[in-house]
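Read through the structure below, which is laid out as structure tokens, and then see the notes.
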Amino acid sequence: MNVFEKLLLQTAVVKQLNKVIGQTRAEAEEALERGDTKRPRGLGSVSLPPLKSKAQVVDDEAFAAHCATVDGATVAVSITGPMEEVLAVLDEHAPHLIGEKTYLPDWLIEQELKAAASGKPVPGVELVESAPSMRVTAQDAAMVEALEILAGTPLAIEGGR
């Protein structure tokens, strides 16, 4: 078998394994409770982290209105007409040429979301539970065993890791 055939077949094996891994992950996830960790034969660990609560904006207008009242929100003036005209007639004749907009800095949004996550009521924000995905960590022993499985095939991986 030449190097190109070997590469193609190794790639095909990886693709086939990925399909099977998806099914096996689903089986393992069903067998675990949130917060469980399994460490079979010192090969590594499989864990299903507990649910986490996360603050999420569900009403943009209510959240923006709330943030605008918090110190740190800034108001900027937007000039929509020629500067000379605005300066000459702004106060008396052309108030439609300006508009105010509140800008919410990223740090302020993060601050309010953290406050909501810690239990403070923040308008427009709700706590939602997220389910972190299962973690699979293979230790060196698993890598050695995997290389031993492949060693007897034409697709053997020289050198390992």
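Note that the structure is a prediction, hence the values are computed from the model and not measured.
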Which residues share a salt bridge (charged side-chain N to carboxylate O under 4.0 Å, His left out) with Glu145, sequence neighbours left out | Arg41
For the student: nearest non-hydrogen atoms of Val122 and Ala116, plus distance = CG2-CB, 3.8 Å
Which residues satisfy the side-chain contact (heavy atoms from CB on, under 4.5 Å) test with [X], sequence neighbours excluded?
X: Glu110; value: Asp106
X: Pro121; value: none
X: Thr11; value: Leu7, Lys15

Distance-only donor-acceptor hits, side chain of residues 42-65, under 3.5 Å, sequence neighbours excluded:
residue: Asp59; atom: OD1; partner: Glu61; partner atom: N; Å: 3.2
residue: Asp59; atom: OD1; partner: Ala62; partner atom: N; Å: 3.1

Say whether, by atom type as modelled, one donor and one acceptor occur between the side chain of Glu112 and the main chain of Ile109 under 3.5 angstrom.
-> no
What pairs meet the side chain to side chain donor-acceptor pair (under 3.5 Å) rule with one or both residues in residues 16-37, with sequence neighbours excluded?
-> none
Rounding to 0.5 Å, atoms OG (Ser118) and CG (Leu127) come to a distance of 9.0 Å
In one Ile/Leu/Val/Met/Phe/Trp/Tyr side-chain cluster, 4.5 Å: Val136, Leu32 = yes
Going only through I, L, V, M, F, W and Y residues with side-chain contacts under 4.5 Å, is there a path from Trp107 to Leu113?
-> yes
